[in-house]
Amino acid sequence: MRGVEQSEFKEFYQASQDVCLRAVLASVGDRQLAEDLVAEAFTRAWMSWQKVSRHPAPRAWIVRTALNTRVSWWRRRRREVVLDGRYDAADTRAGVSGLDPALLAVLRQLPERQRQVIAFRVFLDLDTAATAEALGIAPGTVKAHLSRAVATLRGHLVAVDNPEVES
């Protein structure tokens, strides 16, 4: 890798690492797993930087690679990590500051595909078409999952903010 490419990758990493970590954390719900997956994805991006740098949405490439890596690891282990809804105080450490613990707890309760759509649409700020392409689903499916996820989040978070509201 040439010096210019190294510099480009370094700038991309510094600008994207936190947002990619938040997106993966929102999707998988486990901080340590999210950190491992993002590290693996950035390593793969480094190895293929010429290709990744030309990708229309390199951050989406990182997150999709991280989520694909999780599936690969899961298949090798033949067991899935159970999301038990417990809040880990370590989730608010530096690197994912700005991700509200109450929001993370509710995100953990969403189905996986809804968490993935939230990660791409909200955390990576991709449009519907780019999200659909990154996840390999139809744009209408993205909209449906986003709508359901937002309704669930709104229901839980409004009830948390206003205890007088019954859910």
Side-chain angles (χ1 to χ4, degrees), residues 16-42 45 55-93 95-167:
S16 303
Q17 196 272 338
D18 285 345
V19 70
C20 290
L21 179 58
R22 283 192 296 270
V24 173
L25 176 59
S27 184
V28 301
D30 179 279
R31 180 182 170 77
Q32 186 60 51
L33 177 60
E35 289 175 346
D36 291 346
L37 293 170
V38 169
E40 177 69 22
F42 272 107
H55 190 279
R59 287 180 176 177
W61 188 95
I62 294 290
V63 174
R64 184 73 239 160
T65 299
L67 296 177
N68 286 346
T69 300
R70 177 181 184 229
V71 171
S72 297
W73 289 354
W74 176 81
R75 285 182 179 149
R76 275 187 231 131
R77 292 183 185 123
R78 296 283 182 202
R79 61 183 168 89
E80 186 172 339
V81 176
V82 177
L83 300 177
D84 59 8
R86 289 182 299 153
Y87 168 68
D88 181 4
D91 287 342
T92 59
R93 295 184 306 192
V96 288
S97 60
L99 192 57
D100 186 284
L103 175 61
L104 183 58
V106 176
L107 283 170
R108 286 178 172 159
Q109 297 173 18
L110 294 175
E112 182 175 9
R113 185 59 85 181
Q114 289 180 16
R115 290 193 314 264
Q116 290 173 348
V117 167
I118 290 288
F120 281 83
R121 289 284 286 127
V122 176
F123 291 96
L124 293 181
D125 196 28
L126 294 181
D127 63 19
T128 301
T131 300
E133 184 177 332
L135 293 174
I137 58 178
T141 305
V142 169
K143 291 177 185 178
H145 282 301
L146 181 63
S147 175
R148 290 180 193 128
V150 168
T152 301
L153 292 171
R154 184 178 295 124
H156 286 312
L157 296 176
V158 168
V160 168
D161 289 342
N162 186 0
E164 295 176 11
V165 174
E166 292 185 29
S167 40

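Residues Glu112 and Arg70 form a side-chain contact, since some pair of their non-hydrogen atoms from C-beta on lies under 4.5 Å apart.
Between atom CG of residue Leu110 and atom CZ of residue Arg115 there is a gap of 7.0 Å, rounded to the nearest 0.5 Å. For the atom pair CG (Leu37) and CD1 (Ile62), the distance works out to 12.0 Å, reported to the nearest 0.5 Å. Rounded to the nearest 0.5 Å, atoms CD (Glu35) and CD (Glu40) are 14.5 Å apart. One finds the CG atom of Leu153 at 8.5 Å from the CD atom of Gln114 (value rounded to the nearest 0.5 Å). Distance check, rounded to the nearest 0.5 Å: OG1 of Thr69 to CZ of Arg64 gives 9.5 Å.
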**OP:** Determine, step by step, whether Phe123 and Ser27 satisfy the side-chain contact (heavy atoms from CB on, under 4.5 Å) criterion, reporting the C-alpha distance in whole Å, the side-chain angles of both residues, the deciding distance to 0.1 Å, and the verdict.
**Re:** CA-CA 10 Å; Phe123 291 96; Ser27 184; over 6 Å; no
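The two residues His55 and Trp61 come nearest to each other via the heavy atoms CD2-CD1, 3.6 Å. A pairwise comparison of heavy atoms in Ala26 and Leu107 identifies CB-CD1, 3.7 Å as the closest pair.
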Please tabulate, one pair per line, all N/O donor-acceptor pairs under 3.5 Å involving side-chain atoms of residues 124-150, not counting sequence neighbours.
{"unit_1": "Asp127", "atom_1": "OD1", "unit_2": "Ala129", "atom_2": "N", "d": "3.3"}
{"unit_1": "Asp127", "atom_1": "OD1", "unit_2": "Ala130", "atom_2": "N", "d": "2.7"}
{"unit_1": "Thr131", "atom_1": "OG1", "unit_2": "Asp127", "atom_2": "O", "d": "2.9"}

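When Asp30, Val38, Asp36, Leu33 are each tested for a side-chain contact (heavy atoms from CB on, under 4.5 Å) with Val24, only one passes: Val38.
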